[in-house]
Structure formats: structure tokens, C-alpha cells
Amino acid sequence: MKQISVVAAVIECDGKILCMQRGNKGHHYTALHWEFPGGKIEPGESPQQALHREILEEMNLDIIVGEHIATISHTYPDFHITLHFYRCRPTTPGIPSFTRREHIDHCWLAPAQLHSLDWCAADYPLIQLLQSK
């Protein structure tokens with residue numbers, strides 16, 4: 001089974017968290033579901049560098065990568081994924097504007113509202129963790 005390791009940004013601003021909706025491509029069990037943005041670590045990059053690069057590439061959004069929140073592993077039918085989640089914030093104050101290059105929708109939600117979205121299964125344990133704090 002294919003193994004994937006990625007970094008993901010929990011971007012917080014004004015008490016809300018950025019949620020991104022995947023497009024209708026790829027696996028049926030992740031298509032159109034919600035996730036935290038991020039991607040793969042390239043050779044020679046730290047997880048923090050990779051996350052900063054991925055958010056710039058996918059969203060044209062400059063962020064400050066903060067503390068590691070959690071590492072969560074999940075097995076989907078076709079692959080196993082390990083997600084390394086980091087708390088992040090935009091470099092400018094207020095809710096930032098950005099360009100969605102990889103996702104079809106986004107929203108900013110308070111932690112208590114996160115359960116209202118249909119998340120990718122690998123992200124659910126982090127939702128529970130964020131809501132317990």
C-alpha cells in the first residue's frame with residue numbers, strides 16, 4: 001500500500017480557522033470533502049519550509065508557521081497517509097484574501113463549528129482535538 005506523508009496548515013485568524021474544500025477529482029472518499037491545506041515535503045525541506053511553500057503555491061497566501069499541533073495517521077482504501085499539522089497565521093492582520101488554485105471553496109469557522117463540514121476522514125481526529133481545547 002502506498003504511504004504518503006504530508007504537512008497541513010491550521011490557519012487561524014480572528015478566532016476562526018480556514019477550511020478548504022477539495023475538488024471533485026481523485027478518490028471518491030476525499031472528493032468534495034473538506035481539509036486543511038498543505039502538501040508534500042520536498043527533499044531538503046523542513047516541514048515548516050514545505051508548509052510555507054505549499055500555501056504560497058496553492059493559495060498565494062503568506063503565512064507564519066507556528067507550533068506542531070499533532071501527527072495523525074489514517075488508512076484509506078488505496079493508501080496510508082500521515083499528516084503533520086501545524087498552527088499557522090497569515091502574515092498580515094485580519095482575514096486575508098487569497099486565490100484558490102487547488103480547492104473549489106473555503107470558509108472560516110470557529111472551532112465549535114468545524115463539525116458542521118464533511119471532512120476527509122484523516123482530518124476528523126484533528127477536528128476533535130481542536131474542539132476539545
Side-chain angles (χ1 to χ4, degrees):
M1 182 173 285
K2 184 176 181 180
Q3 304 276 332
I4 301 172
S5 182
V6 299
V7 288
V10 179
I11 302 173
E12 299 173 310
C13 187
D14 295 341
K16 296 189 176 184
I17 296 171
L18 180 61
C19 311
M20 303 295 290
Q21 187 179 27
R22 296 174 61 89
N24 195 18
K25 61 180 181 178
H27 303 290
H28 67 87
Y29 45 81
T30 58
L32 301 176
H33 287 70
W34 293 81
E35 67 179 1
F36 296 100
K40 295 178 183 172
I41 302 170
E42 298 293 336
E45 284 184 319
S46 70
Q48 295 86 348
Q49 290 169 327
L51 195 49
H52 186 264
R53 175 188 50 76
E54 285 284 346
I55 300 305
L56 273 175
E57 288 176 2
E58 289 184 8
M59 303 165 56
N60 196 30
L61 177 62
D62 195 15
I63 60 168
I64 297 169
V65 180
E67 69 175 318
H68 176 260
I69 300 172
T71 296
I72 295 170
S73 293
H74 181 79
T75 302
Y76 285 109
D78 301 331
F79 64 97
H80 181 83
I81 189 167
T82 301
L83 296 127
H84 305 279
F85 293 96
Y86 287 83
R87 194 174 308 280
C88 301
R89 63 181 172 85
T91 57
T92 57
I95 300 289
S97 60
F98 58 88
T99 304
R100 290 190 309 259
R101 294 184 177 138
E102 299 288 326
H103 295 87
I104 62 168
D105 201 2
H106 75 277
C107 62
W108 293 88
L109 296 177
Q113 299 171 311
L114 293 174
H115 70 279
S116 67
L117 300 177
D118 188 12
W119 291 88
C120 291
D123 291 277
Y124 271 114
L126 186 70
I127 302 303
Q128 295 170 337
L129 178 67
L130 292 171
Q131 290 181 330
S132 69
K133 293 188 174 192

Engineer: Quick check: closest heavy atoms across Glu35 and Cys120, and the distance to 0.1 Å?
Structural biologist: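 Where Glu35 meets Cys120 most closely, the heavy atoms are CB-SG, 4.3 Å.
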Engineer: Compare all side-chain heavy atoms of Thr92 with those of Asp62 and state whether any distance is below 4.5 angstrom.
Structural biologist: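 No, every pair of side-chain atoms sits at 4.5 Å or beyond.
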Engineer: Mind checking whether His106 and Met59 have side chains closer than 4.5 Å, heavy atoms only?
Structural biologist: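 No, too far: nothing below the 4.5 Å cut-off.
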Engineer: Is there a side-chain contact between Leu61 and Pro37, using heavy atoms and a 4.5 Å cut-off?
Structural biologist: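 They are not in side-chain contact.
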Engineer: Quick check: closest heavy atoms across Ile72 and Pro125, and the distance to 0.1 Å?
Structural biologist: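 Minimum heavy-atom separation between Ile72 and Pro125: CD1-CB, 3.7 Å.
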Engineer: Could you tell me whether the side chain of Lys40 reaches within less than 4.5 Å of the side chain of Ile4, counting heavy atoms only?
Structural biologist: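 SC-SC contact between Ile4 and Lys40 confirmed.
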Engineer: Determine the interplanar angle of the His27 and Tyr29 rings, folded into 0 to 90°, and report it as parallel if under 30°, tilted if 30 to 60°, perpendicular if over 60°.
Structural biologist: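 Parallel: the ring planes of His27 and Tyr29 meet at under 30°.
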Engineer: What residues, two or more places apart in sequence or in another chain, satisfy ring-ring contact (aromatic ring centres under 6.0 Å, His included) together with His68?
Structural biologist: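 Scan of His68 (ring-ring contact (aromatic ring centres under 6.0 Å, His included), adjacent residues dropped) gives Tyr86.
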Engineer: If we ignore hydrogens and angles and just use 3.5 Å, is the side chain of His52 paired with the main-chain N or O of Ala50 as donor and acceptor?
Structural biologist: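 A pair under 3.5 Å: no.
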Engineer: Grab the two heavy atoms, one from Trp108 and one from Cys13, that are nearest each other, plus how far apart they are.
Structural biologist: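 Heavy atoms of Trp108 and Cys13 come nearest at CZ3-CB, 3.8 Å.
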Engineer: Give the minimum heavy-atom separation between His74 and Ala121, together with the two atoms involved.
Structural biologist: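 It is NE2-CB, 3.5 Å.
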Engineer: Would you say Asp105 and Trp34 make side-chain contact, with heavy atoms under 4.5 Å?
Structural biologist: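 Yes, their side chains come closer than 4.5 Å.
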Engineer: So, taking the atom named OG1 in Thr71 and the one named CG in Leu126, what distance separates them when rounded to the nearest 0.5 Å?
Structural biologist: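 Taking OG1 in Thr71 and CG in Leu126, the distance rounds to 10.5 Å.
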Engineer: Looking only at atom types and distance, does a side-chain atom of Glu12 sit under 3.5 Å from a main-chain N or O of Arg89, one as donor and one as acceptor?
Structural biologist: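 Checked: no pair found.
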Engineer: Measuring from atom CD1 of Ile127 to atom OG of Ser132, what distance do you get when rounded to the nearest 0.5 angstrom?
Structural biologist: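 It comes to 11.5 Å.
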Engineer: Would a hydrophobic clustering, with Ile, Leu, Val, Met, Phe, Trp and Tyr connected at side-chain separations under 4.5 Å, put Val65 with Val10?
Structural biologist: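 Different clusters.
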Engineer: What heavy-atom pair brings Gly15 and Pro111 nearest, and what distance separates the two atoms?
Structural biologist: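 Of all heavy-atom pairs spanning Gly15 and Pro111, the closest is O-CD, 3.6 Å.
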Engineer: Please name the pair of heavy atoms, one in Asp14 and one in Gly94, separated by the smallest distance, quoted to 0.1 Å.
Structural biologist: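 Taking every non-hydrogen atom into account, OD2-CA, 3.9 Å.
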Engineer: Please determine whether residues Ile41 and Phe85 belong to a single hydrophobic cluster, defined as Ile, Leu, Val, Met, Phe, Trp and Tyr linked transitively by side-chain heavy-atom distances below 4.5 Å.
Structural biologist: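 They do not share one cluster, since no chain of ILVMFWY contacts under 4.5 Å joins Ile41 to Phe85.
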Engineer: Taking the side chain as every heavy atom from C-beta outward, state whether Leu18 and Phe98 have any pair of such atoms under 4.5 Å apart.
Structural biologist: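 They are in contact (side-chain heavy atoms under 4.5 Å apart), so the answer is yes.
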Engineer: For the atom pair CG (Leu109) and NE2 (His115), what is the distance rounded to the nearest 0.5 Å?
Structural biologist: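 One finds 10.0 Å between CG of Leu109 and NE2 of His115.
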Engineer: With rounding to the nearest 0.5 angstrom, report the CG to CG distance, Leu83 to Asp123.
Structural biologist: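 Result: 6.0 Å between the selected atoms.
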Engineer: Is any side-chain heavy atom of Glu58 less than 4.5 Å from a side-chain heavy atom of Met20?
Structural biologist: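 When only atoms from C-beta onward are counted, Met20 and Glu58 do not touch, as no gap falls below 4.5 Å.
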Engineer: Between CZ of Phe36 and SG of Cys19, what distance do you get to the nearest 0.5 Å?
Structural biologist: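 Going from CZ on Phe36 over to SG on Cys19, the span is 6.0 Å.
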Engineer: Do Glu54 and Val6 make a side-chain contact, defined as non-hydrogen atoms from C-beta onward lying under 4.5 Å apart?
Structural biologist: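 Side-chain contact under 4.5 Å: no.
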Engineer: If you round to the nearest 0.5 Å, how far is CG of Leu51 from CD1 of Ile11?
Structural biologist: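 Separation between the atoms: 7.5 Å.
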Engineer: Group every Ile, Leu, Val, Met, Phe, Trp and Tyr by side-chain heavy-atom contacts under 4.5 Å, then state whether Tyr124 and Ile81 land in the same group.
Structural biologist: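 Yes, Tyr124 and Ile81 fall within the same hydrophobic cluster.
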Engineer: Looking at Arg87 and Ile69, would you say the former's side chain and the latter's main chain have a donor-acceptor pair under 3.5 Å?
Structural biologist: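 Between the backbone of Ile69 and the side chain of Arg87 there is no qualifying donor-acceptor contact (under 3.5 Å).
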Engineer: Determine, step by step, whether Gln21 and His103 satisfy the side chain to side chain contact (heavy atoms under 4.5 Å, CB included) criterion, reporting the C-alpha distance in whole Å, the side-chain angles of both residues, the deciding distance to 0.1 Å, and the verdict.
Structural biologist: CA-CA 6 Å; Gln21 187 179 27; His103 295 87; 5.6 Å; no
